[in-house]
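Positions are given from 1 along the sequence.
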Amino acid sequence: MFQGKSRKVMIVLLGLYTTLTLFFLFLGFDRASTNQDQGLRYNFMLEAIPLHFPMGKDFQIWFFDLGNFLAFVPFGVLIPLLYRCSFIRFISFFILGITIVESLQMISRLGAFDINDIIINSLGAAVGYGSQRLVTRHRNTWKGLIRIVLTAVVLSTGTIVAVGGINHYLNNVDGESVALNELAIKVGAVQWDESLSAFTVGDTKVEPQINLYSKENTKNNEFSYLLNGKYDKISGYVAILGYPDDTAGNQNNEISFIADGAEIYSISLGGEPQPDPFKFSLKGVTELTIKVLDNGPHPNTNLVMWDVNLIELNTGQRILHMISSPFR
């Protein structure tokens with residue numbers, strides 16, 4: 001622990017740094033002028049530690065997330081050097097303090113309460129604490145402080161790489177694949193063409209590989225599946241068959257995907273006949289309803305879907321889903 005004049009200097013530096021940090025949290029980035037007219041903003045959903053590799057990310061968002069981590073490393077370094085405390089005691093008080101700050105940001109409408117920010121801020125503080133604990137010699141000297149800073153740089157880099165790798169896995173590695181026709185229908189009825197008959201859409205020959213929505217289904221149909229939040233996304237193809245070229249533009253055909261009572265994706269079919277691919281997220285969806293509408297004037301049209309496939313959450317995503325479920 002620092003003593004004497006060095007301790008006073010460190011306390012002043014910690015006070016100045018804390019003031020600067022609070023300034024950026026409440027007033028920096030023009031928060032006062034941009035957020036005052038908004039309502040209370042909050043997020044209790046644990047998504048992932050917001051620390052990613054820069055590739056494929058918006059630079060401003062990536063830099064902001066990185067700053068949310070690095071800005072709190074000094075607190076983990078300086079506070080234990082000034083006040084003797086165990087890790088549990090330190091991190092408990094830090095989490096309490098940063099939770100109060102996040103709450104004040106929300107109440108003042110100068111920011112938002114975000115559980116993910118609390119986690120990344122606390123991770124930064126924990127890395128700082130670990131850095132000063134790893135240096136056992138000359139801890140109360142400026143030379144020792146330099147060693148602690150260098151250790152913090154190494155630990156921070158390792159943490160960024162490790163967490164970035166975890167997030168890459170969460171965001172880019174798919175779980176198991178499940179064909180839609182393998183799920184049990186909860187409401188309604190649907191037929192699937194077991195022969196996977198080939199057909200032509202415009203000039204494109206289609207040979208379904210996974211499943212095929214049968215033309216024997218009623219022209220207007222609605223059916224639901226219980227997903228229980230197990231799936232990450234859905235993909236497939238859809239087309240309209242059977243109308244002559246001169247009526248193509250007059251069709252009124254649509255397929256809608258409704259998640260827990262709210263439409264999240266729809267495709268309108270008309271014009272030049274061609275396969276329309278679709279792909280969208282199913283994260284957090286408990287029940288998925290598919291509504292087929294064929295209100296066109298031609299009686300011989302048929303909407304077809306094929307190769308409709310669901311991707312399950314991977315192991316990491318399932319763990320996050322279980323943790324976040326009570327807050328949904």
Side-chain angles (χ1 to χ4, degrees), residues 21-54 56-73 75 91-127 159-160 162-164 166-172 227-233 259-265 280-287 313-328:
T21 302
L22 291 174
F23 170 80
F24 280 110
L25 288 175
F26 287 93
L27 300 175
F29 309 107
D30 201 25
R31 293 177 187 267
S33 62
T34 57
N35 294 333
Q36 283 292 342
D37 294 334
Q38 301 183 20
L40 297 180
R41 296 183 298 149
Y42 51 87
N43 175 33
F44 298 108
M45 301 295 295
L46 177 62
E47 298 165 355
I49 298 175
L51 201 58
H52 303 269
F53 296 138
K57 300 289 291 185
D58 180 271
F59 178 80
Q60 186 173 354
I61 295 176
W62 171 80
F63 187 76
F64 182 81
D65 289 341
L66 182 65
N68 254 346
F69 168 72
L70 294 178
F72 291 88
V73 172
F75 291 103
I91 204 66
S92 298
F93 277 102
F94 181 86
I95 292 174
L96 175 61
I98 201 64
T99 300
I100 292 173
V101 169
E102 288 281 319
S103 300
L104 290 175
Q105 280 186 300
M106 177 185 66
I107 294 171
S108 65
R109 301 187 182 182
L110 293 173
F113 183 99
D114 193 333
I115 188 67
N116 298 287
D117 283 349
I118 294 175
I119 291 173
I120 194 172
N121 296 160
S122 301
L123 180 62
V127 167
T159 301
I160 291 168
V163 175
I166 293 172
N167 282 327
H168 179 79
Y169 163 72
L170 291 174
N171 296 327
N172 298 286
L227 305 186
N228 290 323
K230 291 174 52 179
Y231 299 93
D232 179 36
K233 53 195 169 188
D260 301 326
E263 183 179 288
I264 58 172
Y265 197 88
F280 55 91
S281 173
L282 289 177
K283 283 184 179 178
V285 174
T286 299
E287 183 175 326
L313 299 172
N314 62 36
T315 302
Q317 291 168 337
R318 287 200 300 271
I319 293 173
L320 285 178
H321 176 74
M322 287 188 294
I323 295 174
S324 301
S325 293
F327 303 102
R328 295 183 184 276

What is the minimum heavy-atom distance between [X] and [Y], and which atoms define it?
X      : Y      : value
Leu70  : Ile160 : CD2-CD1, 4.5 Å
Ser122 : Ile95  : OG-CG1, 3.4 Å
Asn116 : Pro50  : O-CD, 3.7 Å

Going from [atom1] on [X] to [atom2] on [Y], what distance comes out if it is rounded to the nearest 0.5 angstrom?
X      : Y      : atom1 : atom2 : value
Ile98  : Phe75  : CD1   : CZ    : 7.5 Å
Leu123 : Asn68  : CG    : CG    : 11.5 Å
His52  : Leu66  : NE2   : CG    : 11.5 Å
Glu102 : Asn121 : CD    : CG    : 6.5 Å
Asp117 : Ile49  : CG    : CD1   : 12.0 Å
Leu227 : Glu287 : CG    : CD    : 8.0 Å

Given side-chain contact (heavy atoms from CB on, under 4.5 Å), test Gln317 with Lys283 step by step and report yes or no. CA-CA 9 Å; Gln317 291 168 337; Lys283 283 184 179 178; 4.0 Å; yes
Given side-chain contact (heavy atoms from CB on, under 4.5 Å), test Phe69 with Thr159 step by step and report yes or no. CA-CA 10 Å; Phe69 168 72; Thr159 301; 4.0 Å; yes
With under 30° as parallel and over 60° as perpendicular, where do the rings of Trp62 and Phe59 fit, or are they tilted in between?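 Answer is tilted, since the angle falls between 30° and 60°.
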Taking the six-membered ring for Trp, are Phe72 and Phe94 parallel (under 30°), tilted (30 to 60°) or perpendicular (over 60°)?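 Perpendicular: the ring planes of Phe72 and Phe94 meet at over 60°.
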Any chance OH of Tyr169 has more than 12 other-residue heavy atoms, nucleotides or ligands included, within less than 6.0 Å?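 Enclosed.
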Could you work out, with side chain to side chain contact (heavy atoms under 4.5 Å, CB included) as the rule, every residue matching Ala259, not counting sequence neighbours?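 Partners of Ala259 under the side chain to side chain contact (heavy atoms under 4.5 Å, CB included) test: Ile264, Val285.
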Applying side chain to side chain contact (heavy atoms under 4.5 Å, CB included), name anything that partners Thr286, two or more places apart in sequence or on another chain.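 Applying side chain to side chain contact (heavy atoms under 4.5 Å, CB included) to Thr286 gives Leu226, Asn228, Asp260.
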Candidate pair Ile107 and Phe113, rule side-chain contact (heavy atoms from CB on, under 4.5 Å), full reasoning: CA-CA 9 Å; Ile107 294 171; Phe113 183 99; over 6 Å; no
Between Asp232 and Asn314 (side chain of the first, backbone of the second, donor and acceptor by atom type, cut-off under 3.5 Å), is there such a pair?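 No, Asp232 side chain to Asn314 backbone: no donor-acceptor pair under 3.5 Å.
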What pairs with Phe93 under ring pair (Phe, Tyr, Trp, His ring centres under 6.0 Å), at least two apart in sequence or on another chain?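 Ring pair (Phe, Tyr, Trp, His ring centres under 6.0 Å) list for Phe93, sorted by chain: empty.
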So, do [X] and [Y] sit near enough that their side-chain heavy atoms are less than 4.5 Å apart?
X      : Y      : answer
Leu170 : Asn167 : yes
Phe44  : Asp114 : no
Ile115 : Tyr42  : no
Val101 : Phe26  : yes

